[in-house]
Undergrad: 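One structure is given below, represented as structure tokens, and several questions about it will come after.
Just so we're clear, the structure is a prediction, and the values are computed from it rather than from any experiment.
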Amino acid sequence: MNIKHLLTEKTQAAFIALGLPADTNAAVTVSTKPEFGDYQINGAMAAAKLLKTNPRQLAEQLLAHLSLEGIAEKTEIAGPGFINVTLAKSWLAAELETAAIDTRLGVSTNVTPQTVVVDYSAPNLAKEMHVGHLRSTIIGDAVVRTLEFWGDKVIRQNHMGDWGTQFGMLIAHLEDKLAAGVDLEQVALADLEDFYREAKKRFDDEAGFADKSRDYVVQLQSGDAHCKKLWQLFIDTSVKHSEELYKKLNVTLTNADIKPESAYNDMLQGIIDDLKTKALAEESMGALVVFLQELADKDGNPSPFIVQKTGGGFLYSTTDLAACQYRSHTLNADRIIIFTDARQALHFKQVELVARKAGYLRDATSYDHCPFGTMMGEDGKPFKTRTGGTVKLAELLEEAVVRAKAVVKEKASDLTDTEVEEVARKVGIGAVKFADLSKNRTSDYIFSWNAMLSFEGATAPYLQYAYTRVRSILRRADINDNFVAKVLLVDEQEKQLAVKLLRFEETLAQVIKDAQPNLLCNYLYELASLYMTFYEACPILKEGVEPAQRDSRLMLSIFAARMLKQGLELLGIETMERM
RNA sequence: GCGCCCGUAGCUCAGUCGGAUAGAGCAACGGCCUUCUAAGCCGUAGGCCAUAGGUUCGAAUCCUAUCGGGCGCGCCA
């Protein structure tokens with residue numbers, strides 16, 4: 001059930017009856033205040049502007065043609081031409097009863113499933129995952145889960161960076177160590193960070209090392225067996241590391257989803273040849289470049305997009321073009337979604353332009369780069385730890401669980417040790433994920449231990465707690481899974497909860513359209529909050545509650561619990577029976 | 001220099017294809033546990049939506065300029 005969609009359709013029908021175009025914007029929104037009902041239709045005012053007529057009069061005509069028989073118990077025109085709709089309790093109750101016996105919680109099934117390629121997480125191999133990888137990983141995963149729930153065919157792609165200059169650098173460093181007689185076993189691959197830092201330092205400071213590194217990149221990309229063997233060492237270690245983290249984070253990415261840069265290697269020369277044939281790329285200062293007039297500065301200087309380096313090496317631009325070809329033509333994607341930080345916005349704009357011109361992206365494939373801001377410290381300056389490094393993701397998660405455990409022990413003394421461990425893990429990880437998922441900002445965001453590890457207010461533990469409260473009541477009520485009762489919406493708290501419960505699909509549609517899980521976070525927090533209000537105001541199992549009312553409230557509770565669980569599951573956050 | 005993103009309560013953020021009196025959480029203050037889990041609930045206080053113009057019935061939202069922050073601009077990803 002999508003109430004907004006339903007009201008929009010009804011309004012559009014009324015517009016047509018008035019002789020207005022079918023695509024006139026109905027502008028249906030949730031009412032801003034309780035006295036304005038549940039939904040408001042604002043389309044009459046904009047339409048009146050177009051027609052140059054009186055908005056209030058048009059709203060009246062619109063209302064006369066609007067058939068909300070049985071759906072609304074009150075409709076009224078207010079202000080300059082708002083139409084306020086108060087939904088009928090009987091209708092809400094009936095819809096709720098239908099939704100409650102549905103395995104999909106009343107969410108309709110996608111009638112036109114799409115193939116969606118989602119590119120997310122993308123850790124850099126040979127570098128341990130740090131907090132900066134959190135956003136892409138968990139936002140991508142939440143969107144993927146939501147798309148799948150809706151019914152799209154999702155292809156996860158973990159575009160690991162494993163093929164560029166940095167790898168040449170690591171191999172060059174490793175080669176030197178081996179040449180100096182260090183045994184392969186002793187090379188500290190386990191501590192990739194240190195190894196990477198050493199190599200990077202040499203790359204920046206040591207004469208000749210950078211050139212040597214670039215040579216290794218060319219060798220690697222042209223398939224040299226020895227280089228590939230060394231490269232494989234780094235891959236294996238890194239993949240193992242990120243797999244562990246995905247498991248801890250409850251992220252659905254697996255080994256099978258890894259589609260690293262190297263996977264496109266065989267396509268790269270073909271892309272270059274093709275760009276030359278199509279006269280899109282030209283030689284400039286020794287490199288091969290596509291000049292984009294579309295992104296020219298105001299003096300008319302085109303934006304350069306290097307596709308092949310001096311010396312023949314390929315770059316991530318080449319790889320991303322190949323990825324377009326593969327995803328759009330081979331995988332037949334209708335939509336490609338890429339989650340990376342905003343610094344790469346220009347790059348992806350260039351990739352799309354070139355890919356469209358060269359035909360690597362079909363017209364039918366949409367290409368959505370979903371950016372997010374740079375991570376800042378609590379001082380508002382670019383984030384660095386005291387030692388100038390980054391916070392390791394594994395460290396953050398560990399800290400989260402430790403802190404959660406302390407709180408769990410303090411608040412829930414009746415749990416067994418095993419339960420404490422489990423609850424602490426779910427609460428700690430959930431808190432970290434929710435803190436990040438609930439923010440929409442495309443602008444920079446602040447990394448703060450306290451914000452990440454907060455267990456009060458609009459946090460995952462709040463939602464998990466709401467869930468356990470409902471579950472506790474349902475246990476006490478001693479009812480089975482098939483419990484069904486008539487829904488009676490009498491108190492205001494019951495009605496508000498009911499309306500919110502029926503807004504799930506509306507929310508999911510928006511999350512999918514904008515690739516923004518924070519909308520789902522907001523929804524679930526509001527749902528939990530309304531449940532808490534209902535819980536405090538409307539007794540269920542207490543003395544003096546009429547059986548019919550008790551059963552209706554149990555129905556609301558069962559449905560709210562299922563909704564919370566489902567919603568959190570789409571966010572990749574686990575629930576528990578007690579906490 | 002040019003370009004992109006951003007500026008909303010003391011703090012962290014919602015709200016931005018124009019809609020009614022701008023919302024939450026944290027922090028502060030005041031209430032609520034012999035009764036379904038107080039990680040909770042109810043209430044109070046807190047705002048020139050960076051600034052200045054413009055567009056119109058109506059602007060946090062759209063346009064222009066200025067200030068402030070971040071990022072990006074030919075061989076890193």
Undergrad: Look at the rings of A:His159 and A:Tyr264 and say which category their plane angle falls in: under 30° parallel, 30 to 60° tilted, over 60° perpendicular.
TA: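 Geometry flag for A:Tyr264 against A:His159: tilted rings.
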Undergrad: What's the base orientation of B:G74: syn (chi within 90° of 0) or anti?
TA: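 With its glycosidic angle within 90° of zero, B:G74 counts as syn.
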Undergrad: Take the angle between the ring planes of A:Tyr367 and A:Phe348 and call it parallel below 30°, perpendicular above 60°, tilted in between.
TA: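 Geometry flag for A:Phe348 against A:Tyr367: tilted rings.
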Undergrad: When Watson-Crick pairs (N1 to N3 and N6-O4 or O6-N4) and G-U wobble pairs (N1-O2 and O6-N3) count only below 3.5 Å on both distances, what is the dot-bracket string of RNA chain B, with | for other-strand pairs?
TA: (((((((..((((.....[...)))).(((((.......))))).....(((((..]....))))))))))))....
Undergrad: Start with the C-alpha gap between A:Gln219 and A:Asp215, add the side-chain angles, then the distance that decides, and say whether side-chain hydrogen bond (donor to acceptor under 3.5 Å, both in side chains) holds.
TA: CA-CA 6 Å; A:Gln219 281 185 52; A:Asp215 286 345; over 6 Å; no
Undergrad: Both conditions, 6.0 Å and 45 degrees, for the charged tip of A:Lys201 above the ring of A:Phe209: are they met here?
TA: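 That pair does not qualify as a cation-pi contact.
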Undergrad: With A:Gln57, which residues qualify under side chain to side chain contact (heavy atoms under 4.5 Å, CB included), at least two apart?
TA: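 Residues passing side chain to side chain contact (heavy atoms under 4.5 Å, CB included) with A:Gln57: A:Asn54.
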Undergrad: Which label fits B:C33, syn or anti, where anti is any glycosidic angle not within 90° of 0?
TA: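 That one's syn.
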Undergrad: Rounded to whole angstrom, note down the C1' distance from B:G15 over to B:A24.
TA: 10 Å
Undergrad: Between which nucleotides of RNA chain B, 5' to 3', does chain A make heavy-atom contacts below 4.0 Å?
TA: B:C2 to B:A77
Undergrad: Can you check the distance between B:C41 and B:G25, where both ends of the measurement are the P atom (answer in whole Å)?
TA: 8 Å
Undergrad: Please list, chain by chain and in numerical order, all residues satisfying side chain to side chain contact (heavy atoms under 4.5 Å, CB included) with A:Thr310, sequence neighbours excluded.
TA: A:Ala287
Undergrad: With sequence neighbours excluded, what pairs up with A:Phe447 under the ring pair (Phe, Tyr, Trp, His ring centres under 6.0 Å) test?
TA: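 A:Phe447 satisfies ring pair (Phe, Tyr, Trp, His ring centres under 6.0 Å) with A:Phe383, A:Trp449 once adjacent residues are dropped.
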Undergrad: Give one of base, sugar-phosphate or nothing for A:Cys521, where a contact means two heavy atoms less than 4.0 Å apart.
TA: nothing
Undergrad: Both A:Val423 and A:Tyr535 contact RNA chain B. Taking the nearest nucleotide for each, which residue is further toward the 5' end?
TA: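 The answer here is A:Tyr535.
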Undergrad: Is A:Asn25 touching bases, backbone alone, or none of the nucleic acid, heavy atoms closer than 4.0 Å?
TA: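 It contacts nothing in the nucleic acid.
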Undergrad: A:Ile473 or A:Lys349: which one's nearest nucleotide on RNA chain B is closer to the 5' end?
TA: A:Lys349
Undergrad: Under the side chain to side chain contact (heavy atoms under 4.5 Å, CB included) test, which residues partner A:Asn25, sequence neighbours left out?
TA: A:Ala27
